[in-house]
Amino acid sequence: MVTAVDRMTETLRERIPPLTAVPLPRAVDERVLRRQWPSSEFAAPPPGSGFKAIPGDAGPPLLGHTVRMMRYGVPYGLQRFERYGPVWWSGAFGRRIVTLTGPDATQVALINKDKAFSQEGWRFFIERFFNRGLMLLDFGEHHTHRRIMQEAFTRDRLVGYVDSMGPTLREGVASWASTPNPRLYWALKQLTLDVATRVFMDMPSGADALKINRAFVACVRAATAVVRQPVPGGRWRAGLKGRQLLERYFASNLPAKRAGEGTDLFSALCHATTDEGERFTDADVINHMIFLMMAAHDTSTITSTAAAYYLAKHPEWQERAREESLALGDELPGTEALDRLDTLDLVIKESLRLVAPVPSMSRKTVKDTDVLGYYLPEGTLVGVSPSVNHFDPRYWTAPHTFDPERFGAGRREDKSHRFAWMPFGGGAHKCIGLHFGTYEVKALLHEMLRRYRWSVPRGYRVRWDYVSLPVPVDGLPIHLHRI
């Protein structure tokens, strides 16, 4: 039962930024970010091992670095990287967490040659809300589920998904004409949910869409709740109730998908079968649908928001991209047409670098191990930080500058190290839907370019809220100009 407190809190959460994002004078922000605490060792290495102890600090009492981590995001990670190097620990969320920064440290964890790093790190944050999603499975079980799920992401399936999303994107973008000054993030979030509902379930977005969207938002934000108990009005409670709603929603639709022969992702998961006859159970399908729906529409929303922002700030790139989109004509583009939008490809890659949709990836050690000679005992909660890698000056020219040409054929800075650019993760758990997501963002921006020019106020700079995944604090206000 949804209480009045829950409803009021939910409404306020959508309209008011969290306390971690409340504007402060720049001098105050800089002072808080620069504040340091005495460093200490994470754990003493075994005698004679030759390993080094991991440096770091617990931060302020009680909350540790939780608030600083969520408020400052990338600058916080870069500051810690500069002070401590590629491997460091901090106190946050009531735990001591080791963070791996830089491509070399990242590679050790994600390639995971000695199978010391498990996905149990994610379980601490999101298991209650995305139970047994693909990202939470380990080793052999993960391999089996990924093989079955791959049947839902074949090239033929992908072509069908892109064809299916086209009308929804065109209609949705056109509807913005009646609101020339939208908060773009929220408009895009609703549109990507509409796409996910159509492509993943072959159902129109209707009366349930708002409830479903709120349930996904609640589940994602609950992962970083400071109070991890179901208190009224709290993020943890909202996430648990959101998960229950999503389970009921997908369970009620599952029998029809099992019985039919649809081309949507839900149907594909119901019928996916490997050559050895392996298939998903009903519980597997529900768990994977909840996780994939979240992953698809949240990451696509963040990426398209970031790309639209940078195109607004750099109108020369917007015009260059528009010229290519208009050259495709009025037909809804399929995969081959979208592949020809080279400028959007560069812009999207640079936007993924500057605003990684998943700024941290969690792991947990299942045995004693080391990273670059630093000792990690069994049971260590580990965070891998792609957002810091994306700003490492050893691999990126002027890393804080918007420069899509760095991904062009003549430079390819993303090839400077295998893990210098990793918005989709890496290793065995690299995002299975990366091609789908890229096509969706490209098709969405293509529709925007055909219909509008857009801008932000002079001098405007977006501020990202890192409470869970990066979200613009003010929703990104833009002005749309009909072409």
Side-chain angles (χ1 to χ4, degrees), residues 39 41-43 45-46 49-57 65 69 73-90 92 96-122 135 139 349-350 352-400 406-407 411-431 434:
S39 61
E41 296 181 353
F42 179 76
S49 66
F51 293 148
K52 297 173 286 187
I54 298 171
D57 62 83
H65 290 282
M69 187 184 303
V74 173
Y76 166 81
L78 290 171
Q79 183 204 60
R80 304 284 286 183
F81 184 30
E82 182 178 355
R83 181 182 182 189
Y84 289 121
V87 184
W88 43 270
W89 75 272
S90 58
R96 298 199 308 164
I97 302 173
V98 170
T99 300
L100 308 181
T101 47
D104 291 332
T106 297
Q107 181 167 309
V108 174
L110 297 193
I111 296 302
N112 201 15
K113 286 184 178 179
D114 61 354
K115 292 183 168 52
F117 296 90
S118 79
Q119 299 301 106
E120 288 185 24
W122 281 118
M135 191 171 70
F139 309 124
K349 286 179 177 177
E350 178 70 337
L352 285 165
R353 184 186 71 84
L354 291 166
V355 186
V358 182
S360 182
M361 302 170 186
S362 296
R363 299 290 188 269
K364 188 176 182 180
T365 56
V366 293
K367 60 183 178 181
D368 290 0
T369 189
D370 80 289
V371 174
L372 306 183
Y374 289 93
Y375 171 64
L376 282 76
E378 178 183 346
T380 300
L381 190 60
V382 177
V384 179
S385 183
S387 56
V388 173
N389 296 12
H390 292 179
F391 290 88
D392 191 331
R394 294 174 299 173
Y395 304 99
W396 303 101
T397 304
H400 293 276
R406 69 174 81 246
F407 290 91
R411 290 170 63 183
R412 293 309 304 266
E413 292 184 8
D414 56 309
K415 297 296 185 182
S416 57
H417 190 292
R418 184 177 179 182
F419 288 94
W421 185 72
M422 44 172 295
F424 303 106
H429 286 270
K430 190 169 185 176
C431 176
L434 69 92

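Index from 1, following the sequence. For clarity, every value in this text was computed on a predicted model and none was experimentally measured.
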Inter-residue atom distance [X].[atom1] - [Y].[atom2], 0.5 Å rounding:
X	Y	atom1	atom2	value
Trp122	Leu381	CH2	CG	10.5 Å
Lys367	Ser118	NZ	OG	11.5 Å
Ser362	Met135	OG	CE	8.0 Å
Arg418	Gln107	CZ	CD	6.0 Å
Arg80	Thr101	CZ	OG1	10.0 Å
Met69	Ile97	CE	CD1	5.5 Å

Considering only heavy atoms from C-beta outward, does the side chain of [X] approach that of [Y] to under 4.5 Å?
X	Y	answer
Phe117	Thr365	yes
Pro377	Phe42	yes
Asp414	Tyr395	no
Pro86	Asp104	no

> Taking Asn389 for the side chain and Phe419 for the main chain, is one N or O donor matched with an acceptor at less than 3.5 Å?
Replying inline: yes

Closest heavy-atom contact between [X] and [Y]?
X	Y	value
Ser360	Gly383	OG-CA, 4.2 Å
His417	Pro103	ND1-CB, 3.2 Å
Glu41	Ala53	CD-CB, 3.5 Å
Pro46	Ser49	O-OG, 2.8 Å
Met361	Pro386	CE-CG, 3.8 Å
Thr369	Ala116	CB-CB, 3.7 Å

> In this structure, which one of Lys349, His390, Arg353 forms a side-chain contact (heavy atoms from CB on, under 4.5 Å) with Pro423?
Replying inline: His390

>> So, applying side-chain contact (heavy atoms from CB on, under 4.5 Å) with Tyr375, which one of Asp370, Thr380, Ile54, Asp368 is it?
In response: Asp368

> Going by distance alone, is a donor N or O of one side chain under 3.5 Å from an acceptor N or O of the other, for Asp57 and Tyr84?
Replying inline: yes

>> Once ring pair (Phe, Tyr, Trp, His ring centres under 6.0 Å) is applied, do any residues pair with Phe424, and if so which ones, sequence neighbours excluded?
In response: none

> Looking at residues at least two apart in the chain, or sitting in another chain, which of them share a ring pair (Phe, Tyr, Trp, His ring centres under 6.0 Å) with Phe81?
Replying inline: none

> Parallel under 30°, tilted from 30 to 60°, perpendicular over 60°: which one fits the rings of Phe407 and Trp396?
Replying inline: tilted

>> Is the ring pair Trp88/Tyr76 parallel, tilted or perpendicular, if the boundaries are 30 and 60 degrees?
In response: perpendicular

>> With a 6.0 Å cut-off (strictly less than), is the heavy-atom count around NZ of Lys430, excluding the residue itself, greater than 12?
In response: no

> When you look at Tyr374 and Leu100, which way does the side-chain contact (heavy atoms from CB on, under 4.5 Å) test go after all the steps?
Replying inline: CA-CA 10 Å; Tyr374 289 93; Leu100 308 181; over 6 Å; no

>> Could you go through Arg363 and Leu110, starting from their C-alpha distance and side-chain angles, then the distance that decides it, and tell me whether this counts as side-chain contact (heavy atoms from CB on, under 4.5 Å)?
In response: CA-CA 9 Å; Arg363 299 290 188 269; Leu110 297 193; 3.2 Å; yes

